[in-house]
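A quick write-up on the structure given underneath.
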Amino acid sequence: MMDLIDNMRLQNDYEAYLKALILRHEKNYKGSLEMVANDRNKALVPFKTKLYYNLKRYEDVVQISDSGHDVLAELTEEQQLVLVRNLMKDNHYETIEKMIEQTNKNKMQLEELYHQEKDDLYYQYSWSQYRTMLLNDIDSNAPFTDIKEAVDQTDENLRDLGYVLVINNYFVKEQNLDDLNALFVDYINKNEKLFKYIDPIAVDTLDFNLSANDKKSDRLQNLLNYYHFGKGTKMLMNKIMKLLPEVTLNAQHIMSIRRLVLDGHLNFNDSLIKKMFNSDKRLENVFHSATLFIDEDTRTMTDKFVYHNFSTREKTRIYSTVINQLQRVNKRYDLPFYIFSFLEKTAGKKQILYTGEILCDCR
């Protein structure tokens with residue numbers, strides 16, 4: 001076929017394009033691109049976009065997008081998702097937002113994916129990872145003014161993440177509260193969208209301005225109280241689930257939901273209850289309680305639910321928190337299967353494990 005094209009006396013550009021088509025069909029994407037690389041004809045932009053995608057040269061796709069072309073419209077839905085996820089890995093949030101705004105193809109699904117993945121960012125990064133990867137491994141004991149200065153030098157989305165991680169990591173020590181209030185809290189107050197990522201205990205501990213959220217917060221608490229006092233219905237749970245994303249959760253909300261579990265008001269086999277916990281990552285805090293794992297009535301169902309409904313990272317956080325709580329009491333506990341399996345894999349000097357009926361002696 002290539003020889004045939006050579007003998008057809010076509011114009012050079014058209015000949016190169018035909019050869020590029022054949023090479024792309026043969027999945028020789030590099031060779032195909034070489035045929036048209038120097039051709040500035042705008043009609044080739046869609047063709048080049050697909051080739052750059054096939055070659056995973058996403059930076060070149062971004063350049064085409066920056067010129068005003070709707071690159072997402074040139075890709076299949078699956079390719080769109082791959083491109084967006086790869087750009088998110090490199091923290092190109094503004095680029096993604098611009099691409100999605102430019103396109104009319106699969107726009108709603110892309111917006112939903114983007115916001116979901118962006119939300120996940122706040123749960124995927126730990127402070128240690130952020131500090132090491134984005135702040136040039138700044139000393140964790142550095143003055144808060146230095147930490148703030150380093151965070152402020154990142155781009156907007158990563159700056160938001162930095163403020164959230166600093167607060168969630170450092171608020172647990174009382175000596176840090178004044179610095180956090182002085183240097184970090186006001187940033188969150190001015191960016192209400194970030195409230196949902198703040199640890200519920202930190203919400204109660206630091207000087208956050210929650211006046212705008214107070215009514216919804218009180219309403220959620222009232223709904224939880226109503227559910228607790230035996231008025232639990234699917235309609236009521238639907239109202240709770242609808243209100244949850246709009247409310248900055250505090251310690252009382254978390255404890256109320258935890259009490260619903262302990263008192264047997266939440267059935268983990270109910271698809272609605274599973275959806276509630278799976279759709280709001282903040283509710284992981286509900287399971288940061290040793291009581292749920294040692295109470296005779298809740299330990300087995302809690303253990304199974306956490307194992308089957310949370311990611312490895314989330315389970316590690318839950319298990320580690322529970323074990324740290326147990327270590328404060330010199331007592332033996334009969335732990336359920338999955339958290340005990342985690343203990344077996346991560347056993348250190350502070351945990352002494354047994355294989356009999358008494359599964360863990362935490363000292």
Side-chain angles (χ1 to χ4, degrees), residues 77 81 84-85 88 106 108-124 164 193-200 203 213 216-289 291-293 295 297-319 321-322 336 338-339:
E77 291 186 8
L81 302 183
V84 168
R85 287 195 170 109
M88 290 196 79
N106 199 28
M108 188 176 297
Q109 184 181 350
L110 286 169
E111 287 177 339
E112 184 178 338
L113 169 77
Y114 171 66
H115 290 298
Q116 179 63 50
E117 297 275 331
K118 189 176 174 183
D119 278 353
D120 287 348
L121 173 73
Y122 289 84
Y123 302 98
Q124 290 169 354
V164 169
K193 63 182 182 180
L194 300 179
F195 270 119
K196 64 180 179 178
Y197 304 117
I198 300 296
D199 188 297
V203 171
N213 293 295
K216 288 183 178 180
S217 178
D218 290 343
R219 185 177 171 219
L220 176 61
Q221 188 58 54
N222 289 338
L223 288 173
L224 291 171
N225 292 342
Y226 199 69
Y227 202 96
H228 176 73
F229 290 116
K231 304 294 184 180
T233 63
K234 285 196 173 183
M235 183 180 296
L236 184 57
M237 181 52 65
N238 276 322
K239 289 183 178 180
I240 291 172
M241 289 176 63
K242 185 176 180 180
L243 193 57
L244 269 173
E246 303 175 21
V247 174
T248 301
L249 293 183
N250 57 37
Q252 187 178 6
H253 295 138
I254 294 297
M255 287 188 289
S256 294
I257 297 172
R258 189 178 293 151
R259 175 52 56 184
L260 291 177
V261 177
L262 286 167
D263 290 348
H265 292 302
L266 294 185
N267 177 8
F268 285 149
N269 292 320
D270 188 320
S271 59
L272 203 57
I273 302 302
K274 287 183 179 180
K275 183 179 179 181
M276 180 181 78
F277 282 102
N278 290 334
S279 61
D280 194 326
K281 293 181 182 295
R282 297 173 298 169
L283 296 181
E284 175 194 318
N285 283 276
V286 170
F287 299 97
H288 289 192
S289 168
T291 304
L292 291 176
F293 287 86
D295 181 84
D297 294 327
T298 62
R299 64 189 180 199
T300 300
M301 68 174 185
T302 298
D303 190 47
K304 289 180 179 178
F305 185 79
V306 168
Y307 181 79
H308 291 293
N309 290 276
F310 288 92
S311 68
T312 300
R313 182 189 292 272
E314 291 163 343
K315 284 184 284 195
T316 299
R317 280 199 299 263
I318 292 170
Y319 294 155
T321 301
V322 169
Y338 293 112
I339 189 171

Minimal non-hydrogen separation, Arg317 against Thr321, with atom names:
O-OG1, 2.8 Å

Is there a side-chain contact (heavy atoms from CB on, under 4.5 Å) between Val322 and His288? Walk through the geometry before answering.
CA-CA 6 Å; Val322 169; His288 289 192; over 6 Å; no

By the definition ring-ring contact (aromatic ring centres under 6.0 Å, His included), identify the one residue from Tyr319, Phe277, Tyr338 that meets it with Phe287.
Phe277

Reported NE2-to-NZ distance for the pair His308 and Lys315, which is rounded to 0.5 angstrom:
8.5 Å

Residues in side-chain hydrogen bond (donor to acceptor under 3.5 Å, both in side chains) contact with His253, at least two apart in sequence or another chain:
Ser217, Asn250

Polar side-chain atom of Lys216 near backbone of Val247 as donor-acceptor pair, under 3.5 Å
no

State, to 0.1 Å, how close Lys242 and Glu246 come at their nearest heavy-atom pair, and which atoms those are.
O-OE2, 3.7 Å

Test side-chain contact (heavy atoms from CB on, under 4.5 Å) applied to Ile339 and Ile318, step by step:
CA-CA 9 Å; Ile339 189 171; Ile318 292 170; over 6 Å; no

Looking only at atom types and distance, does a side-chain atom of Thr302 sit under 3.5 Å from a main-chain N or O of Phe293, one as donor and one as acceptor?
no

Do Leu81 and Gln109 come close enough that some side-chain heavy atom pair is under 4.5 Å?
yes

Separation of Leu243 CG from Leu220 CG (nearest 0.5 Å)
5.0 Å

Heavy-atom nearest pair, Lys274 first then Asn269, reads CE-CA, 4.2 Å

Can you tell if the side chain of Leu249 reaches within under 4.5 Å of the side chain of Ile254, non-hydrogen atoms only?
yes

Can you tell me if CZ on Phe268 sees more than 12 non-hydrogen neighbours from other groups inside 6.0 Å?
yes

Polar side-chain atom of Asp295 near backbone of Leu292 as donor-acceptor pair, under 3.5 Å:
no

Heavy-atom pair with the smallest gap, counting every atom of Ser256 and Asn225
OG-OD1, 4.3 Å

Side chains of Leu224 and Gln252: does their closest heavy-atom pair fall under 4.5 Å?
no

Rounded to the nearest 0.5 Å, the CE atom of Met237 sits from the CG atom of Leu244 at a distance of 8.5 Å

Please walk me through it: do Tyr227 and Ile240 pass side-chain contact (heavy atoms from CB on, under 4.5 Å)?
CA-CA 9 Å; Tyr227 202 96; Ile240 291 172; 4.1 Å; yes

Which pairs count as salt bridge (Lys or Arg N to Asp or Glu O under 4.0 Å) when at least one residue sits in residues 249-268, sequence neighbours excluded?
Arg259-Asp263

Closest approach of Met241 to Leu272 (non-hydrogen atoms, all atoms of both residues):
SD-O, 3.6 Å

Could you tell me whether the side chain of Asp303 and the main chain of Arg299 form a donor-acceptor pair under 3.5 Å?
no

